[in-house]
Amino acid sequence: MSAPLLDTDLAPAEVSARLEAVWSEPKTLWGWFATVDHKKIGRRYVVTALIFLLLGGLAALVMRAQLGTPDNHLVGPDVYNQLFTMHGSTMMFLFAVPVMETLGVYLVPLMIGTRTVAFPRLNAFSYWVYLFGGAMLWIAFFVNSGPDAGWFSYVPLAGPQYGIGKRSDIWAQMITYTELSGLAVAVNTIVTVFKMRCPGMSIDRIPLFVWAQLVTAFMIVFAMPAVMVSSTMLICDRLVGTHFFNWAEGGDVLLWQHLFWFFGHPEVYFIFLPATGIVSAIIVPFARRKMFGYSVLVLALFATGFLAFGLWVHHMFVTGLPRLGESFFTASSMAVAVPSGMQIFCWIATLWDGRLRFATPLLFVFGFIFNFVAGGLTGVMVASVPIDTQVHDTYFVVAHFHYVLVGGAVFPLLGGIYYWFPKFYGRMLDERMGKWNFWLAMVGFNLAFFPMHILGLMGMPRRIYTYPAEMGWGGMNLASTIGAFLFAASFALLAVNIVRALRRAPGAPANPWDAGSLEWAPASPPPPHNFTFTPVVASREPLWDTPELPVTTGLHADRRETVITSLVEAEPQMCESSPPPSIWPFVAALVISVTLLGSIFTPWALVWGLVPVGITLIGWFWPKGAKEEES
Amino acid sequence: MKVERDVSALPRHGFGTHSLTWWGTLGFMALEGSGFVLAAGAYLYLMTLAQKWPLNAPQPDVWPGTVVAIMLLASLPLNMLMSRWAKQEDLVKVRWGLVGMSLFGIAPLIVRCFEFSAVNVRWDDNGYGSVVWFLLGLHTTHIFADVAETLVLTALMFTRHGQNGRRFGDVHDNAFYWYFVVLTWLPIYALLYWVPRAA
Ligand code: HEM
Ligand SMILES: [Cu+2]
């Protein structure tokens with residue numbers, strides 16, 4: 001064993017070169033599967049989620065094409081059922097939640113000034129599990145086994161009596177994969193933010209985006225198990241004859257709804273809270289002033305996170321619950337609008353007082369505020385039981401949740417893509433195309449979804465594959481379909497913009513927007529080790545304080561190592577090494593995925609699967625003599 | 001370059017709140033704990049809907065579950081010593097302590113096999129049977145997983161890789177997780193065996 005080499009023994013340029021060598025990974029096929037670099041994995045996650053957005057979007061376009069004219073027969077009822085189920089499930093489980101959570105996989109370590117996440121191999125594992133789960137769903141769809149009971153898969157429709165074939169099993173197992181990966185990312189995020197913030201980043205200096213990721217991760221930890229429990233029960237009912245949801249044998253169908261929505265309502269906030277983090281991250285550099293009401297915004301995140309657990313029953317108003325229960329859940333559903341209102345107030349105050357720069361990211365923030373407020377208004381409406389009873393299962397609800405989900409999450413995401421693209425890929429996106437992209441999205445989205453409010457009030461139910469001309473819904477449906485295609489065109493424009501940018505030589509500056517947070521300190525894209533020296537911060541916008549960040553020394557230069565700091569004050573406590581690349585997370589994900597897939601067909605798969613799963617986990621954890629394993 | 005901190009003198013591994021894996025273990029305990037709470041909630045929910053409880057089945061036989069509870073509680077003193085020995089990095093005590101903990105883990109698993117028939121209801125008899133087996137299965141998975149991990153760790157500590165601060169950290173976290181496995185059994189035990197008798 002050679003003597004350990006500290007960065008204080010070397011000149012800074014030498015440290016940088018050594019660390020680059022230590023943290024970079026072989027550019028081979030093995031290296032591709034074995035990577036544990038949070039930036040590569042974060043990027044893969046986001047790209048994969050965007051591919052699922054494309055697939056889910058294509059399903060939506062087929063639906064809109066079908067509904068554009070009355071008495072249409074482009075697709076039949078069976079395919080249509082699969083389409084809305086695939087669309088909803090893909091959008092929620094494979095696109096929106098993962099993309100928001102895993103933008104953090106890339107950005108959180110950079111924003112808090114560290115070199116990696118707390119558990120890099122778990123991170124890699126979670127990606128592969130997610131990929132296999134999503135792929136399974138879409139492969140099943142193409143071999144005519146796509147689920148068809150809606151994205152919340154209600155029993156008894158999805159149960160053993162009515163849910164024939166393997167469709168609902170595929171859905172339920174897709175849940176197991178994606179929630180497993182979501183939970184792994186959540187634990188990773190929590191520990192990374194708790195223990196790996198650079199010295200000086202006390203809790204009152206954590207970037208708002210990171211706060212949003214942290215609160216979301218906590219919500220995931222407490223809510224996602226609910227859907228894993230319920231989907232496991234569903235599989236058991238279907239596969240081994242349990243009676244959880246079988247009313248005739250002492251089970252209960254509403255048990256499914258309670259468990260699902262105990263997860264499902266918070267899920268909306270897994271999407272929305274990180275989106276608010278994106279909005280906060282963009283507003284500061286584009287208003288060129290510090291955020292007004294930082295503490296209010298943090299408290300609003302906590303309040304939303306907390307209240308979101310008291311709302312699930314508002315999805316069940318028409319199931320005949322006791323009157324008092326309904327009043328309580330109406331009140332809590334309206335109360336959750338309060339923290340959102342406070343957030344919007346702080347953002348507007350910051351913008352009001354700032355010197356605005358009207359670049360594309362900021363435009364999308366304005367689009368977000370506009371659309372989200374519209375969705376919030378209809379939300380307060382459907383929180384009231386009488387109104388909900390009237391519009392339940394109509395297109396009014398479809399309009400409402402697309403305003404919240406697309407307005408509240410996709411618009412911020414698009415802004416975030418324009419904002420962080422240079423950091424991810426070292427190239428700027430084109431501004432002129434960006435502005436076209438924004439306006440096309442804005443017009444297309446509103447044209448697609450505004451008429452649905454009226455259609456809903458006119459009585460058009462959701463989840464119908466066609467309607468007769470006499471209903472008089474044709475005109476507005478056609479408008480909606482045209483809007484949907486315009487909206488899709490705005491994504492095509494984004495794709496062109498991205499492809500053209502990637503063809504140019506990289507050359508984006510480290511901090512193209514003059515932002516103040518740490519992810520803009522290293523080069524674009526950052527080197528494999530992120531920071532040659534761990535920064536020390538003294539404010540919320542450290543890059544605005546001094547031209548050159550003060551730093552920490554004393555880490556090894558010959559192995560992967562990071563500084564561990566205390567929970568509240570971020571005072572250095574120790575140094576922890578971080579594992580080198582390994583193929584085992586990939587192998588483990590593969591073996592576990594095959595086992596879970598097998599269990600759709602026979603419960604014995606779980607028993608036989610134990611052997612290979614055990615072997616791979618031993619392979620994963622058994623020491624291999626790398627420097628990082630020394631203590 | 002303005003150097004404001006130097007960490008060269010800080011330790012290179014740590015225990016408890018200093019260690020990442022300790023926090024990671026806590027995170028997994030939180031999410032598994034919420035799984036347990038929700039499953040218990042499902043049990044109580046079905047119970048309030050039923051006319052009588054246990055539903056069309058005799059009362060569960062309390063003995064195997066009680067024996068499991070006693071065995072799990074009996075393992076706690078050694079488990080406590082394990083975290084202490086791990087912190088002291090005392091290799092010999094840790095090795096034999098792990099052997100002991102493996103036995104303390106395997107024994108309740110054997111009794112657990114009998115427990116499944118002692119609940120006097122099958123998973124496919126009715127909703128009551130389903131939820132009883134679900135809770136029991138969930139907890140068994142936890143014992144099983146921890147025992148498997150303990151066995152691997154025991155083997156590891158007997159190799160040349162044992163003398164390493166990082167491994168002692170693993171032993172410490174393993175003991176930490178075992179508390180969770182033991183303590184979650186107590187409310188589930190009460191729920192499965194005593195709540196139906198009180199109802
Ligand atoms: C490309 C833009 C989109 C279009 C044109 C679109 C269109 C539609 C339509 C027409 C339906 C109703 C199907 C029916 O009830 O018959 C629907 C349902 C749904 N959409 Fe979208 N959507 C889009 C984007 C999104 C996004 C981004 C999300 C989530 C982040 C989303 C989530 C959902 C969900 C959860 C459902 C309910 C599915 C179900 O009933 O099971 N959609 N969408
Ligand atoms: Cu809700």
Asker: Can you check whether Val187(A)'s main-chain N or O pairs, donor with acceptor, with Trp23(B)'s side chain at less than 3.5 Å?
Answerer: no
Asker: Where is the tightest heavy-atom contact between Leu46(B) and Phe244(A), given as atom of each residue plus distance?
Answerer: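 In terms of heavy atoms, the two residues are closest at CD2-O, 4.4 Å.
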Asker: So which of Pro225(A), Ala226(A), Ala223(A), Ala186(A) has the largest heavy-atom pair count under 4.5 angstrom toward chain B?
Answerer: Pro225(A)
Asker: Is it the case that over 12 heavy atoms from other parts of the model lie below 6.0 angstrom from the CZ atom of Phe144(B)?
Answerer: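 Not buried by this count: 12 neighbours or fewer within 6.0 Å.
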Asker: Measuring heavy-atom distances to chain B, does His556(A) have an atom under 4.5 Å in its side chain, in its backbone, in both, or in neither?
Answerer: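 Both backbone and side chain.
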Asker: If I compare all heavy atoms of Val221(A) with all of Gly27(B), which pair ends up nearest, and what's the gap?
Answerer: CG1-O, 4.3 Å
Asker: Which atoms of Ala42(B) are under 4.5 Å from chain A, going by heavy atoms: the side chain, the backbone, both sets, or neither?
Answerer: both
Asker: Side chain, backbone, both or neither: which part of Thr21(B) has a non-hydrogen atom closer than 4.5 Å to chain A?
Answerer: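 It is both, since atoms from each part get that close.
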Asker: Non-hydrogen atoms of chain B under 4.5 Å away: do they reach the side chain of Leu567(A), the backbone, both or neither?
Answerer: side chain
Asker: Identify the heavy atoms of Val229(A) and Gly35(B) that sit nearest to each other, and give their distance.
Answerer: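 Of all heavy-atom pairs spanning Val229(A) and Gly35(B), the closest is CG2-O, 4.0 Å.
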Asker: Using non-hydrogen atoms only, which part of Leu6(A) is less than 4.5 Å away from chain B: side chain, backbone, both, or neither?
Answerer: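 Leu6(A) touches chain B through side-chain heavy atoms alone.
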Asker: Side chain from CB out, backbone as N, CA, C, O: work out which of these in Phe222(A) comes under 4.5 Å of a heavy atom of chain B, or both, or neither.
Answerer: both
Asker: Salt bridge between Arg166(B) and Glu576(A), side-chain N to carboxylate O under 4.0 Å?
Answerer: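 Yes.
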Asker: Check each atom of Leu49(B) against the heavy atoms of chain A and say whether the ones under 4.5 Å are side chain, backbone, both or neither.
Answerer: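 For Leu49(B), the side chain is the part near chain A, not the backbone.
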Asker: I'd like to know which of Thr553(A), Thr242(A), Thr552(A) tops the heavy-atom pair count under 4.5 Å against chain B.
Answerer: Thr553(A)
Asker: For Trp620(A), is the CH2 atom crowded, meaning more than 12 foreign heavy atoms sit under 6.0 Å from it?
Answerer: yes
Asker: Heavy-atom cut-off 4.5 Å, strictly under: side chain, backbone, both or neither for Met228(A) against chain B?
Answerer: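 For Met228(A), no heavy atom lies under 4.5 Å from chain B.
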Asker: Which one wins on heavy-atom pair count under 4.5 Å against chain B: Ile564(A), Thr232(A), Val240(A)?
Answerer: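 Sorted descending by pairs with chain B, the first entry is Val240(A).
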Asker: Indicate the atoms forming the closest heavy-atom contact of Asp124(B) with Gly241(A), along with that distance.
Answerer: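 Residues Asp124(B) and Gly241(A), closest heavy atoms: CB-O, 3.2 Å.
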Asker: Need one label for Arg167(B): side chain, backbone, both or neither, based on atoms under 4.5 Å from any heavy atom in chain A.
Answerer: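 It is the side chain, since no backbone atom gets that close.
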Asker: So for Leu55(B), is it side chain, backbone, both, or neither that comes closer than 4.5 Å to the heavy atoms of chain A?
Answerer: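 Contact with chain A is through the side chain of Leu55(B) alone.
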Asker: How far apart are the C-alpha atoms of His161(B) and Trp622(A), what are their side-chain angles, what is the distance that settles it, and do they pass the side chain to side chain contact (heavy atoms under 4.5 Å, CB included) test?
Answerer: CA-CA 9 Å; His161(B) 300 294; Trp622(A) 200 267; 3.8 Å; yes
Asker: Can you name the closest pair of heavy atoms from Met574(A) and Gly14(B) and give their distance?
Answerer: SD-N, 3.5 Å
Asker: Sort Val563(A) into side chain, backbone, both or neither according to what part of it lies under 4.5 angstrom from a heavy atom of chain B.
Answerer: side chain
Asker: What part of Asp125(B) lies closer than 4.5 angstrom to a heavy atom of chain A: side chain, backbone, both or neither?
Answerer: backbone
Asker: Spell out, as yes or no, whether a donor-acceptor pair under 3.5 Å connects the side chain of His243(A) to the backbone of Ser130(B).
Answerer: no
Asker: What closest approach, in Å, do Phe119(A) and Leu20(B) show between heavy atoms, and which atom pair accounts for it?
Answerer: CZ-O, 3.3 Å
Asker: Below 4.5 Å from any heavy atom of chain A, which atoms of His18(B) appear? Answer side chain, backbone, both or neither.
Answerer: both
Asker: Flag yes if more than 12 heavy atoms outside Arg197(B) fall under 6.0 Å of its CZ atom; otherwise flag no.
Answerer: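 Buried by this count: over 12 neighbours within 6.0 Å.
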Asker: Which bit of Phe168(B) is near chain A, if near means a heavy-atom gap under 4.5 Å: side chain, backbone, both or neither?
Answerer: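 Neither part, no heavy atoms under 4.5 Å.
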Asker: Which bit of Ala148(B) is near chain A, if near means a heavy-atom gap under 4.5 Å: side chain, backbone, both or neither?
Answerer: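 Looking at Ala148(B), nothing touches chain A.
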